[in-house]
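To keep things clear, I will list the structure first and then write my remarks on it.
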Amino acid sequence: MRGTTDNGPGDRRPGPLLPEADDDGAPFWEFAARGELRVQTCADCREPRFPPRPCCPNCRSFTAVWHRMSGRGRIWSYVLPHPPLLPFYAGLAPYNVALVELADAPRIRLVGNVVAAPGAPVDSVDPALLRIGAPVRVTFDELAEGVTVPRWLLERP
């Protein structure tokens, strides 16, 4: 995870934590940049897997494809971090961090924020609206140049 924002020579202010794509996970981030939620799936046994990895934990195959997901899920769990936090996040607290179970692949859970609208800040949803099991749908937000992450919108706030 990268955690600084480069604003020019000599200006390295703390920024949001950004994912570091490895060879296995790079396609996930490339699809996210295109507004697509895809999950690595074994080409042999068809078992979805996340995080992406070279070998299927189910059948041990090294073949994989990336299946497009509907982008719907439910809040499986969530937390509301409070200070002390990393400097970039301290001013946003309390905000939510949700673990979302995908509707098309219930054993796959993704971490992200529930936001009020596409592009809204991580603290844009009233924490009182969050509930375990609440239906959500994916949206994608660009955190920094070239880094797009999935975020979640409540289906029925």
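As the structure is a prediction and not an experimental result, all values here were calculated from the model.
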Side-chain donor-acceptor pairs of residues 86-101 under 3.5 Å, sequence neighbours excluded:
| from | atom 1 | to | atom 2 | distance (Å) |
| --- | --- | --- | --- | --- |
| Tyr89 | OH | Leu17 | N | 2.8 |
| Asn96 | OD1 | Val114 | N | 2.7 |
| Asn96 | ND2 | Val114 | O | 2.9 |
| Glu101 | OE1 | Arg74 | NE | 2.7 |
| Glu101 | OE1 | Arg74 | NH2 | 3.2 |
| Glu101 | OE2 | Arg109 | NH2 | 3.4 |

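The salt bridge (charged side-chain N to carboxylate O under 4.0 Å, His left out) test applied to Arg46 returns no partner, not counting sequence neighbours. Take Arg53 and apply the side chain to side chain donor-acceptor pair (under 3.5 Å) test, not counting sequence neighbours, and it matches no residue. For Ser124, the side chain to side chain donor-acceptor pair (under 3.5 Å) criterion is met by no residue, not counting sequence neighbours.
Between the CD1 atom in Ile108 and the CG atom in Leu37 there is a gap of 10.5 Å [rounded to 0.5 Å]. Rounding to the nearest 0.5 Å places CZ of Phe28 at 7.5 Å from CH2 of Trp66. To the nearest 0.5 angstrom, Asn58 atom CG is 8.0 Å from Arg60 atom CZ. Note that CZ of Arg72 is 10.0 Å distant from CG of Asp104, once rounded to the nearest 0.5 Å. One finds the CG atom of Leu80 at 11.5 Å from the CG atom of Asp123 (value rounded to the nearest 0.5 Å). Separation of atoms CG (Leu130) and OH (Tyr78) is listed at 5.5 Å; rounding is to 0.5 Å.
Among residues at least two apart or in separate chains, side-chain hydrogen bond (donor to acceptor under 3.5 Å, both in side chains) pairs with a member in residues 22-37 are Glu36-Arg38. Within the structure, side-chain hydrogen bond (donor to acceptor under 3.5 Å, both in side chains) contacts touching residues 133-142 (residues at least two apart or in different chains) are Asp141-Arg151.
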>> Go through it in stages, so that I can follow the logic: the residues are Cys42 and Cys59, the test is side chain to side chain contact (heavy atoms under 4.5 Å, CB included), and I'd like the CA-CA distance, side-chain angles, deciding distance and then a yes or no.
In response: CA-CA 8 Å; Cys42 179; Cys59 74; 3.6 Å; yes
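No side-chain donor-acceptor contact under 3.5 Å links Ser77 to the backbone of Ile75. In this structure, the side chain of Asn113 does not engage the main chain of Val115 through any donor-acceptor pair within 3.5 Å.
Here the closest non-hydrogen pair linking Val147 and Pro19 is CG1-CD, 3.6 Å. Closest approach of Ala144 to Leu18, counting heavy atoms only: CB-CD1, 3.9 Å. When every heavy atom of Val39 is checked against every heavy atom of Pro48, the shortest pair comes out as CG1-CB, 4.0 Å.
Arg49 places a side-chain heavy atom less than 4.5 Å from the side chain of Pro57.
Both Leu110 and Ile132 belong to a single network of hydrophobic side chains, linked directly or stepwise wherever heavy atoms of I, L, V, M, F, W or Y lie under 4.5 Å apart.
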